Amino acid sequence: MEQQIKAILLANFESTFQCAIDEKMIQFQLTRKEFEGDITLVVFPFSKLMKSSPIDAANKIGELLKDKIAEIESFNVVQGFLNIVIAPSYWLKELSEINQDERFGFETANSKATIMVEYSSPNTNKPLHLGHLRNNFLGYAVAEIYKANGHKVVKTQIINDRGIHICKSMLAWERFSPVNAQGERETPTNTGLKGDKLVGKYYVEFDKNLNVEAKEVIAKWDKQAFDGFSENAVAEYKKFTAAKEDKDEKAIATLDDKIKELAKNETALMKDVKQMLVQWEARDPQTIELWKMMNSWVYDGFGVTYEKMQVDFDTLYYESDTYLLGKNVVEEGLKSGVLFKKEDNSVWIDLTAEGLDEKLLLRGDGTSVYMTQDLGTAIERFKEFPDMEGMVYTVGNEQDYHFKVLFLILKKMGYSWAESCYHLSYGMVDLPSGKMKSREGTVVDADDLIDEVVEKAKEMTNERGHLEGMSEAEKESLFKLIGLGGLKYYLLKVDPKKRMMFNPEESIELTGNTGPFIQYAHARIHSLVTRAESIGSFEGANLGAEEKEIIKLLSQYPAVIQEAAKELSPALIANFVYELVKAFNHFYQSVPIHIEENLANKNLRLIICINVGKVINSGMSLLGIDVPEKM
RNA sequence: GGCCCCGUAGCUCAGCUGGAUAGAGCAACUGCCUUCUAAGCAGUAGGUCACACGUUCGAAUCGUGUCGGGGUCACCA
């Protein structure tokens with residue numbers, strides 16, 4: 001309808017009012033509830049042009065539109081706002097179109113280019129936590145939203161499975177794991193621990209021991225015992241110690257931290273880990289075997305968590321395969337002159353013209369950095385999927401700068417697709433107690449949280465649910481659906497870009513703006529609709545204010561899906577579904593449905609129910625949330 | 001310090017391509033289940049949209065500055 005009005009205005013304005021208008025001047029909004037009308041045209045921009053008062057201009061434009069568009073029943077003018085009343089027949093037609101469209105709001109599947117969505121991308125020595133939940137739910141939802149917009153989607157993650165930090169847990173396990181009666185060190189099998197948790201435990205163990213050793217090193221240094229330490233470290237230590245003179249407490253603490261870092265690097269443990277990394281890079285069979293074994297434990301553990309989270313991936317990348325990629329890209333860049341070399345042979349790109357700084361792409365010794373690998377991986381992926389049009393990286397906003405630089409480099413190197421690479425940058429999840437910090441043990445574990453939320457859903461559902469006739473298995477899956485749905489909704493309803501507060505109590509609430517609130521509405525609708533024996537035509541039905549309100553909302557759904565893809569924001573879907581449910585609950589409470597005597601009216605209401613249910617189901621599925629038929 | 005993000009009700013968040021009297025939920029208080037699922041609905045109360053200036057017929061929304069919070073500025077990933 002808005003498109004139609006716009007077209008009419010553009011086509012007729014000049015001939016009618018003798019002045020030209022710009023498309024941007026045509027602004028619509030939904031008519032506010034207190035006025036009569038459906039859509040409102042803002043006439044201030046025109047009144048100036050037409051050299052008449054806003055009210056006068058609005059009346060003239062209103063006449064023009066009413067004359068040209070049959071569905072416009074009437075209009076009224078309040079200040080500079082032209083409120084347009086659209087005929088009931090238009091809304092009823094709108095509803096029957098929605099009703100006939102099984103995939104209402106969705107573009108034809110696979111009608112658009114492939115988009116790759118990367119999310120999760122965990123580090124293999126830390127179990128997944130609350131931050132990963134936001135990441136995974138966001139990434140999964142954005143992938144679904146792209147699909148709804150007609151794109152083919154490849155969901156992927158890159159697993160950070162190599163580097164010194166991985167060797168830490170390997171070494172710690174070899175060195176510190178107790179040995180049982182059978183002569184075995186701890187394994188997921190003999191301890192019953194989830195693999196990722198076991199490996200995570202040894203990563204922590206490494207850190208503990210490293211700290212102990214580092215303290216010993218510092219104690220030696222403080223006694224001026226410098227034998228066996230690298231000259232560099234000793235010199236730095238002396239420099240930092242000297243710098244502590246006359247400094248305030250804070251500055252001293254900073255210096256002490258630096259000394260600690262130095263000392264860590266001088267411990268035997270650190271040297272052994274570095275040695276292990278060298279062995280890994282040399283493909284030493286024993287090291288590789290250990291690495292593979294421990295990684296497989298982690299993947300098993302992660303697999304369980306992903307299953308619980310109900311997220312999945314179409315393809316996986318491992319850093320151990322990709323970390324050497326990008327070096328040849330650097331070569332090309334050097335040839336084309338985009339990159340340059342410094343005296344020490346290191347390779348850089350100069351981004352100062354873009355307001356950024358110089359960025360290193362290859363170390364002097366020829367080894368690559370993170371950026372090198374990311375460049376290589378991106379290019380590789382576009383080769384692998386030739387019909388791919390863009391990529392979305394779901395990564396926390398602390399890496400905003402990194403991605404800005406990455407996309408810029410790709411662009412400078414002439415990859416046109418760099419324009420359609422996006423960083424789905426999301427804010428940190430805070431706890432009421434403040435930031436999550438692994439060192440302070442305030443990290444919320446993903447498995448524990450999901451279990452907790454499902455347990456709570458079970459309690460609440462047993463208390464107030466409608467579970468008659470459900471088997472135990474059906475009940476269990478309902479508890480999961482409600483618990484997980486609540487958690488996902490809680491994390492997705494907030495604008496991804498923003499840092500958010502995670503309140504454990506609120507996350508399992510079921511009243512107000514929550515997942516279960518929406519799920520409940522769906523269950524109600526289902527029971528209502530299944531009760532109807534047959535639903536016929538609503539020809540001749542009376543369109544009341546409640547009915548119209550809902551049809552209007554429903555008709556916005558396609559635009560919301562498009563907007564959500566454009567903004568990379570599942571929150572838009574969540575908020576839309578919430579608005580729809582609120583409007584529906586009002587409708588449900590104020591209008592009789594089965595008791596309605598007029599058959600056409602009853603049918604109209606039932607068909608509205610069916611389509612609200614359909615859109616709830618559809619919208620929630622875009623968020624990765626299931627809705628129940630009973631609860 | 002440079003750059004980036006954020007600041008809306010007691011709390012958690014919408015609204016931000018400028019538009020009418022700034023909206024929800026939670027928490028508090030009042031009502032509504034012998035008609036369809038009360039995990040619901042209706043209502044009361046709660047605001048200097050951090051602050052200042054500017055642009056505009058019109059600013060929570062755009063610009064500049066100030067204050068406050070966070071992030072980032074590694075030959076780490």
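Predicted model only: the values in this text are computed from it and were never measured.
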Taking only the C1' atom of each, what is the distance from B:C3 to B:U8 in whole angstrom? 26 Å

Checking all strands, does A:Asp374 fall into the base, sugar-phosphate, or nothing category for heavy-atom contacts under 4.0 angstrom? nothing

If you measure from the C1' atom in B:C76 to the same atom in B:A60, how many Å do you get, rounded? 41 Å

Donor-acceptor under 3.5 Å (A:His132 side chain, A:His129 main chain): yes

Would you kindly give the CG-to-C1' distance between A:Leu510 and B:G25, to the nearest whole Å? 13 Å

Atom NZ of A:Lys497: over 12 foreign heavy atoms under 6.0 Å: no

Atom CG in A:Leu361, atom NZ in A:Lys327: separation rounded to 0.5 Å? 13.0 Å

Do any side-chain nitrogens or oxygens of A:Arg531 fall under 4.0 Å of OP1 or OP2 in B:U35? no

Side chains of A:Asn397 and A:Arg499, donor plus acceptor under 3.5 Å: no

Sticking with atom P, work out how far B:A52 lies from B:C67, rounded to a whole angstrom. 15 Å

Atom P, compared across B:U66 and B:A59: separation rounded to whole Å: 24 Å

OG1 on A:Thr322 to CD1 on A:Ile158, rounded to 0.5 Å: 3.5 Å

Within the structure shown, what part of the strands sits under 4.0 Å from A:Asn503 by heavy-atom distance: base, sugar-phosphate, or nothing? nothing

Shortest side-chain distance from A:Tyr588, nucleotide among B:U37, B:C75, B:A39: B:U37

Choosing from B:C13, B:G40, B:A39, which nucleotide comes nearest the side chain of A:Gln589? B:G40

Please tell me whether A:Phe502 and A:Tyr490 form a close aromatic pair, meaning their ring centres lie under 6.0 Å apart. yes

Does the aromatic ring of A:Phe44 sit over the six-membered base ring of B:G19, closer than 5.5 Å centre to centre and tilted less than 30°? yes

Go through the N and O atoms of the side chain of A:Asp344 and the base of B:C75, and report whether any donor-acceptor pair is under 3.5 Å. yes

May I ask you to say what A:Ser47 touches in the nucleic acid, namely base, sugar-phosphate or nothing, with a heavy-atom cut-off under 4.0 Å? nothing

Distance check, C1' atoms only: B:G23 and B:A39, in whole angstrom units. 23 Å

B:C6 and B:G65: how far apart are their P atoms, nearest whole angstrom? 16 Å

Have a look at A:Gln399 and say if it touches a base, only the backbone sugar-phosphate, or nothing, with a 4.0 Å heavy-atom cut-off. base

B:G54 versus B:C13 - spacing of their C1' atoms, nearest Å: 30 Å

Among side-chain atoms of A:Ser320 and A:Asp161, is any donor-acceptor pair under 3.5 angstrom? yes

Where RNA chain B forms stems, i.e. three or more consecutive Watson-Crick or G-U pairs with both distances under 3.5 Å: B:1-7 with B:67-73, B:10-13 with B:23-26, B:28-32 with B:40-44, B:50-54 with B:62-66

Would one find a side-chain N or O of A:Arg464 under 4.0 angstrom from OP1 or OP2 of B:C33? no

Indicate whether the side chain of A:Thr31 and that of A:Asp38 have a donor and an acceptor atom separated by less than 3.5 Å. no

Specify the glycosidic conformation (syn or anti) of B:C33, with syn defined as within 90° of 0. syn

Distance between P atoms of B:U64 and B:A20 (Å, rounded): 25 Å

Examine the side chains of A:Ser230 and A:Glu266 and answer whether a donor and an acceptor come within less than 3.5 Å of each other. yes

Does the aromatic ring of A:Phe35 sit over the six-membered base ring of B:A20, closer than 5.5 Å centre to centre and tilted less than 30°? yes

Looking at A:Asp357, is its backbone amide N or carbonyl O close enough to the side chain of A:Thr352 to form a donor-acceptor pair, meaning the two atoms are under 3.5 Å apart? no

Close N/O contacts between protein and nucleotides 42-45 of chain B (under 3.5 Å):
residue	atom	partner	partner atom	Å
B:A42	OP1	A:His586	ND1	3.0

